[in-house]
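Below is one structure, written out as structure tokens; the observations come after it.
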Amino acid sequence: MGVVMTLAGIVVIGVGLHDMFHTLLHPTGQGRLSRMVLTGMWKVSKATGHRLGSTVGPLAMVAVILVWVLLQLLGWALIYLPHVPKGFMYSSGVDPSDYPDALEAVYLSAVTLSTLGYGDMVATDLWVRTASPLQALTGFALLTAALTWFTQIYPPLSRRRALALELKGLADSDWAGSVDDADPAVLTRVLDTLAAEVVTVGIDFAQHTEGFYFQERDPDLALARQLPYALRPRRGPGILRGGGSTQRAAAGTGDRPAQLRARRQLPAYRW
């Protein structure tokens, strides 16, 4: 029975660490367990009319971290349970017979995972004494991973909001309506910058999938609301025909590099 509990504990610990790795370190950032928790939190928020507002994303991340903590807590408790109480020495005033063995194992796991080390339970079994420092290291790594996760999500959110504001600025100035009369050098520069930002935000979404669950309270910062304007330039008659006043302006000025850039790059931005 002890061997079965130990193996079960190792499996539970491995599931938690595997999900942490795929969520925080894997290029795609797609841990199955964390994705289930994030999706579940979003469904709850949707069912309640998104009353949580912009807090649903941070709350979902906190829920994922709590799941990771519980997996480590329960996994190590299963490893300790077969050795409680005979494999431990208790301080004076603590009678292990007053508490269930399962509760003692969970208590020891929580104290070791949080690196508190009260010293009221000291392992005498060599196997437990060897494993306990590994759990302390796991707890320290879990704390570091949680802090790192929160700090690395906000730069992608800032880039997403910046792109949304840039698209809103272009929409407010009716930039798409003046494409045919724009300077080709300025036009290509704007399109190059905009395309690079779109690609960057796309990569952010691929690597930080938790960003999908961050809802913007301000509609001006909501990329889903502003992104359709990126399709407006393809409606410009000059771009669709491959000619128009944009390329004629480049030819009229005799600016050969600008003319070549207009012919080569404008068709590429038919979003």
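Note that the structure is a prediction, hence the values are computed from the model and not measured.
In this structure, Tyr229 and Leu167 approach most closely via the heavy-atom pair CD2-O, 3.9 Å. In this structure, Pro96 and Pro85 approach most closely via the heavy-atom pair CB-CB, 3.9 Å.
Looking at Asp204 and Arg159, a side-chain N of the basic residue comes within less than 4.0 Å of a carboxylate O on the acidic one, giving a salt bridge. Salt bridge annotation for Arg129-Asp125: absent, with no cationic side-chain nitrogen under 4.0 angstrom from a carboxylate oxygen. Classification of Glu216 and Arg225 as a salt-bridged pair fails, no side-chain N sitting under 4.0 Å from a carboxylate O.
For Arg35, the CZ atom is densely surrounded, since the number of other residues' heavy atoms within 6.0 Å is greater than 12. Crowding of Phe150 atom CZ: a count of heavy atoms from other residues, nucleotides or ligands under 6.0 Å exceeding 12. For Tyr90, the OH atom counts as densely surrounded, since its 6.0 Å shell holds more than 12 non-hydrogen atoms of other residues, nucleotides or ligands.
The hydrophobic clustering, which links ILVMFWY residues whose side-chain heavy atoms are closer than 4.5 Å, places Leu59 and Met36 apart.
A centroid separation of less than 6.0 Å is found between the aromatic rings of His50 and Trp42.
Contact of the Phe212 side chain with the Leu38 side chain is not registered, since no non-hydrogen atoms from C-beta on lie closer than 4.5 Å.
A donor-acceptor pair is defined here as one N or O able to donate and one able to accept, closer than 3.5 Å; no such pair exists between the side chain of Tyr80 and the backbone of Leu108.
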